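Heads up: the structure comes next, in structure tokens.
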Amino acid sequence: MPSSFRALRLGLILFFILAGTLLTAGWAMHHAKRQSMVEDARRASEQLGLYATSLHTLIERYRALPAVLALDPELISALRGPVAGTVQDALNRKLERINGAANSSTLELLDRTGLAVAASNWRLPSTYVGSNYGFRPYFKQTRSQGSGRFYAVGVTSGVPGYFLSSAVQDENSRFLGAMVVKLEFPELEREWRQGSDILLVSDARGIIFIANQDGWRYRELQPLSSADRAELAVTRQYDKQPLVPLQHHVLSSFDSNSHLTRVQGPEGSTDYLWESLPLEAEGWTLHLLRKPQVSEDGRNAALAAAAVWLSVVFALLFISQRLRLARLRQRSREELERLVQARTRDLRTAQEGLVQSAKLAALGQMSAALAHEINQPLTTQRMQLATLRLLLDNQRLDEARQALEPLEQMLTRMAALTGHLKTFARNSPSGLRERLDLATVVDQALQLLDARIRAEDVSVALYLARPAWVRGDAIRLEQVLINLLRNALDAMAQKSYKRLEVRIDAEQDHWRLSVLDSGGGIAAEHLACVFDPFFTTKPVGEGLGLGLAISYGIIHEAGGRLQVDNQPGGARFSLTLPMDPEPAC
Ligand code: ADP
């Protein structure tokens, strides 16, 4: 794989891990934050329910008051005619007393035109008495439907409040006027002010008229239509109070009444969890605004998610790396096996070829020696034959018979040499395991090298246990022995003291055949490699470095071992072969 491609792949993996970490952490943080907000919103919504109940209870407590008072015969009879003087004074005091007892803000009695004829605040300069409230919607509702309710800023007092009214009727159900109770919510607002939440109450038009914090009252939650504005002008609901729009937009919704909202409020732009709860009975909506809590959850969730993500990615990378390695290992093992098989095949072929060519080389070498070996006796024999003819011509028969003897010996020896050569050149099939005597193999090998041994004046010491029966291929074993002997002779070539010792000893169930020489031995650093193919210390053209490698293979093939070590005078090569037991008769 080119290195630029590998770098690109690494870069991509790193980018994938980094992007994945950021995405997962971001997603987890967002999810945890949203989850915590949903939880917050649920709590706020529960609290909002409690606030709604307290407001509802407060209103309900006073709802019956004007209805009950409207049944008072004193009021009814007073409204039958014009209310003034002592009657009015008595009514004022009565309403004052009841208002004090009921703990309501104000009680007032309107006649059929909407004129306040008596009121609990008659002592104050801002008293309602004498003002006409016929334009107020709750009066119109009371006249037409028997009761009315209306939240408004007091036209006279300037104090906002909730007006609840009931019709005062005579016995014929004719409308005489309206009994009105005004509720103000300062206590409620004070009570609500205690928490950090913002609590607002808006009317059906979306105008906030109760707020527990400054700056929120008389804000429009949605733009008013021109019809709404015209009606507000008539009813003077918020009288002279300027209505200011409240800018807000939803960032995300949890349900239809629960949102995360950015509000351009009195404190500037702030995000709130905004819960709303419609109050059906009054047509109002109660709102609770809460700042979302900055929790550790998001950060923790992001860290946890990043950790999980990284663990998963690294586990996957680890597994894929292991799989890749296993695949590579498997592939290289298969390749190695294929290679080993191919090499083994090649080596076997090469070895067989080498065995053959080494034999041919040896044959060549031996042919030269033989030529020399045979030429000499041939010349001698020719001369002896001439002598023999002369003896026969002279009828010297006894002498002639004597002269035949060395001739016969020479011929026998020559026949042995050539017969042996014939078998040596043959390419014997591998795996031949005939029963043979190692001592005979030694004899034959020495015979082949006899000329050289004599020429080089080497003294030979033989300690051969015979017969030393083994199983193997005589030709191949002889080839091994020739190799060992020739190497020994080579090692001693330049030495003045030349001693060759060949031993065959019995060793438990093995025969050990040793070849020792006085050639000085093998350098310590070469001991481990003499059996390697092509290892040679001989000059170019003299040694191929194959003799020992082939010998080693042959001995192993015959089930034996070939070893080397240094002895005081020179090297010792030993081959061991399993003994072949005597065949049962
Ligand atoms: P070659 O005779 O062609 O070099 P061999 O495999 O028969 O190949 O021998 C390998 C090497 O082992 C020789 O070159 C020689 O260095 C070393 N060697 C083998 N026999 C002897 C010995 N008897 N004494 C010293 N060195 C030896």
Side-chain angles (χ1 to χ4, degrees), residues 347-348 350-369 424 441-442 444-446 448-453 455-464 473 475-505 512-558 560-576:
L347 275 176
R348 188 160 296 143
Q351 197 198 12
E352 272 159 18
L354 282 171
V355 168
Q356 184 64 6
S357 47
K359 274 196 296 187
L360 289 174
L363 186 67
Q365 218 171 37
M366 280 184 297
S367 305
F424 188 84
V441 177
V442 174
Q444 286 176 347
L446 283 171
L448 279 172
L449 290 170
D450 188 46
R452 182 170 169 193
I453 290 172
E456 293 182 4
D457 202 13
V458 178
S459 70
V460 179
L462 299 177
Y463 304 94
L464 306 179
D473 181 337
I475 296 168
R476 285 175 173 243
L477 285 180
E478 196 179 300
Q479 194 180 347
V480 170
L481 219 53
I482 286 174
N483 271 330
L484 297 182
L485 294 173
R486 221 177 42 219
N487 276 344
L489 294 177
D490 288 348
M492 297 186 291
Q494 306 300 324
K495 304 281 175 186
S496 49
Y497 175 60
K498 299 177 183 177
R499 182 177 185 269
L500 181 67
E501 181 180 321
V502 184
R503 312 182 60 95
I504 297 179
D505 301 298
R512 174 181 290 273
L513 191 162
S514 318
V515 178
L516 293 97
D517 60 56
S518 57
I522 298 170
E525 68 269 25
H526 294 159
L527 268 178
C529 26
V530 289
F531 295 114
D532 292 348
F534 303 109
F535 173 81
T536 180
T537 55
K538 292 172 192 169
V540 185
E542 281 184 32
L544 278 176
L546 292 172
L548 286 178
I550 292 166
S551 302
Y552 190 87
I554 291 172
I555 296 299
H556 267 253
E557 210 174 312
R561 271 150 60 80
L562 180 59
Q563 290 162 311
V564 61
D565 63 348
N566 280 324
Q567 291 297 308
R572 175 173 68 177
F573 282 84
S574 328
L575 63 89
T576 51

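All values derive from a computational prediction rather than experimental measurement. Quick note: numbers below take in every heavy atom, side chains included, and nothing from hydrogens, waters or symmetry partners. Indexing begins at 1, ligand by ligand and atom by atom, following the structure's order.
- Heavy atoms only, all atoms of each residue included: Leu527 and Val530 are closest at O-CG2, 3.6 Å.
- Below 3.5 Å of separation, one finds an N or O of Asp517 facing an N or O of ligand 1.
- Backbone and side-chain nitrogen or oxygen atoms of Ala491 are examined, and none is located within less than 3.5 angstrom of a nitrogen or oxygen of ligand 1.
- Atoms of ligand 1 lying under 4.0 Å from at least one heavy atom of Phe573, given by number and element, are 19 (C), 20 (N), 21 (C), 22 (C), 23 (N).
- Taking a cutoff of 4.0 Å between a charged side-chain nitrogen and a carboxylate oxygen, Asp565 and Arg572 qualify as a salt bridge.
- What you find for Ser518 and Lys495 is that their closest heavy atoms are O-CG, 3.9 Å.
- Contact annotation: Gly521 has at least one heavy atom less than 4.0 Å from an atom of ligand 1.
- To the nearest 0.5 Å, the span separating CZ on Arg503 from CG on Leu464 amounts to 9.5 Å.
- Atom 12 (O) of ligand 1 has its nearest heavy-atom neighbour, among Val530, Asp532, Val515, in Val530.
- The distance from ligand 1 to the heavy atoms of Thr536 drops below 4.0 Å at these ligand atoms: 1 (P), 4 (O), 14 (O).
- Closest heavy-atom approach to atom 27 (C) of ligand 1 within the set Asn487, Leu548, Ile522, Ile550: this belongs to Ile522.
- Between Arg476 and Glu557, some side-chain heavy-atom pair lies under the 4.5 Å cut-off.
- A pairwise comparison of heavy atoms in Asn566 and Ala571 identifies OD1-CA, 4.0 Å as the closest pair.
- For ligand 1, the atoms closer than 4.0 angstrom to any heavy atom of Lys538 are 1 (P), 2 (O), 4 (O), 14 (O).
- Using cut-offs of 30° and 60° on the angle between ring planes, the pair Phe531 and Phe573 is perpendicular.
- Heavy atoms of Asn483 come nearer than 4.0 angstrom to ligand 1 in no pair at all.
- Among Val564, Thr537, Asn566, the residue whose heavy atom lies closest to atom 15 (C) of ligand 1 is Thr537.
- Interface atoms of ligand 1 facing Ala571, defined by a heavy-atom separation under 4.0 Å, are 22 (C), 23 (N), 24 (N).
- Annotation: side chain of Leu548 is not in contact with side chain of Val564 (no heavy-atom distance under 4.5 Å).
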